[in-house]
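Both counts, for ligands and for their atoms, begin at 1 and track the order of listing. Every value quoted in this text rests on a predicted model; they were computed, and no experiment measured them.
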Amino acid sequence: MNSLALINEFLGQPPNFSEHGLQIDHILEFCQWFMGVLFVGWSAFFIFVLVRFRRSRHPVADHAGVRSHISTHLEFSVVMIEAVLLIGFAIPLWGKRVNEFPTGQDAILVHVVGQQFSWNYHLPGPDGQFGSRNVDLTSNSNPLGLDPNDPAGKDDIVTLGELHVPVNKPVVIELSSKDVIHNFCLPSMRIATDASPGSLNPMWFKPVKTGTYEVICGQLCGLGHYGMKGTLVVDTPEDYQAWLKERAELAGGGPSAPPAASPAPSATPGG
Ligand SMILES: [Cu+2]
């Protein structure tokens with residue numbers, strides 16, 4: 001982490017391992033310091049007023065009030081700094097996240113489906129095409145309801161709990177949910193998006209370092225919410241290909257067998 005990110009670190013923020021994360025950290029760190037300065041300033045002013053205008057010294061109220069304009073200037077400065085933060089930094093960064101989705105062959109596309117209380121991952125397999133899903137086909141051995149009659153879905157990879165992605169490649173995730181609203185949160189990648197039933201919510205990030213990182217659910221989604229954790233493994237390109245091959249072999253059960261590579265999802269709280 002950036003050595004200047006003292007407050008971020010103090011508040012327990014894990015180190016950043018995504019390409020865009022440093023910009024978010026800078027804004028956060030600046031906001032923390034700015035709020036700290038405002039807190040100390042306003043607190044000092046409050047104590048000063050309590051002492052300076054105490055009853056024993058001012059038994060009669062002064063109805064004219066403050067004549068100096070210093071507080072107006074101070075408040076205007078605070079508004080200006082906040083406007084610069086919002087218009088100059090936060091909105092452009094947000095605009096880049098939502099408008100500049102990576103396209104083309106380089107990007108990895110993964111469908112992530114939340115459920116109480118785990119994360120399912122759906123990858124297109126060697127053909128690069130996602131098989132269609134039908135909620136009526138959902139079962140313990142077919143957690144995402146993959147249509148066994150769709151040829152595009154024959155080689156699809158479905159895993160539970162652990163997702164692998166290659167390092168230094170943009171990863172686009174399309175999120176949905178089987179039950180309630182969850183939130184696919186990758187603290188180390190500085191990104192999180194809601195997973196809502198009935199809609200496909202996109203998000204993207206670019207991991208810049210190999211390693212194993214935590215996936216958490218960022219929405220209070222039920223009794224087992226605290227245990228709704230997953231793992232994101234950022235691999236070297238070789239390790240990623242090996243993982244893909246291994247999962248594809250496990251999934252390749254023939255036309256009649258939908259991918260059943262993952263264990264049955266636990267529907268019990270805390271599972
Ligand atoms: Cu959840």
Check your understanding: Is the count of non-hydrogen atoms from other residues, nucleotides or ligands lying under 6.0 Å from R55 atom CZ greater than 12?
Key -> no

Please list every donor-acceptor pair under 3.5 Å in which a side-chain atom of residues 82-103 meets a protein atom from a residue at least two apart or in another chain.
unit_1: R97; atom_1: NH2; unit_2: W204; atom_2: O; d: 2.2
unit_1: N99; atom_1: ND2; unit_2: G95; atom_2: O; d: 3.4

Check your understanding: Backbone N or O of S196 within a donor-acceptor pair of the D194 side chain at under 3.5 Å?
Key -> no

Point to revise | Sidechain-backbone polar pair: N120 side chain, L160 backbone, donor-acceptor under 3.5 Å | key: no

Review point. Going by the angle between their ring planes, with limits at 30° and 60°, are H58 and F53 parallel, tilted or perpendicular?
Key: tilted

Exercise for review: Over 60° means perpendicular and under 30° means parallel, so classify the ring planes of F34 and F30, tilted if in between.
Suggested key: parallel

Revision key, fill the gap. Protein N/O/S atoms closer than 2.8 Å to the Cu ion (ligand 1), ordered by chain and number, come to H182 ND1, C217 SG, C221 SG, M228 SD

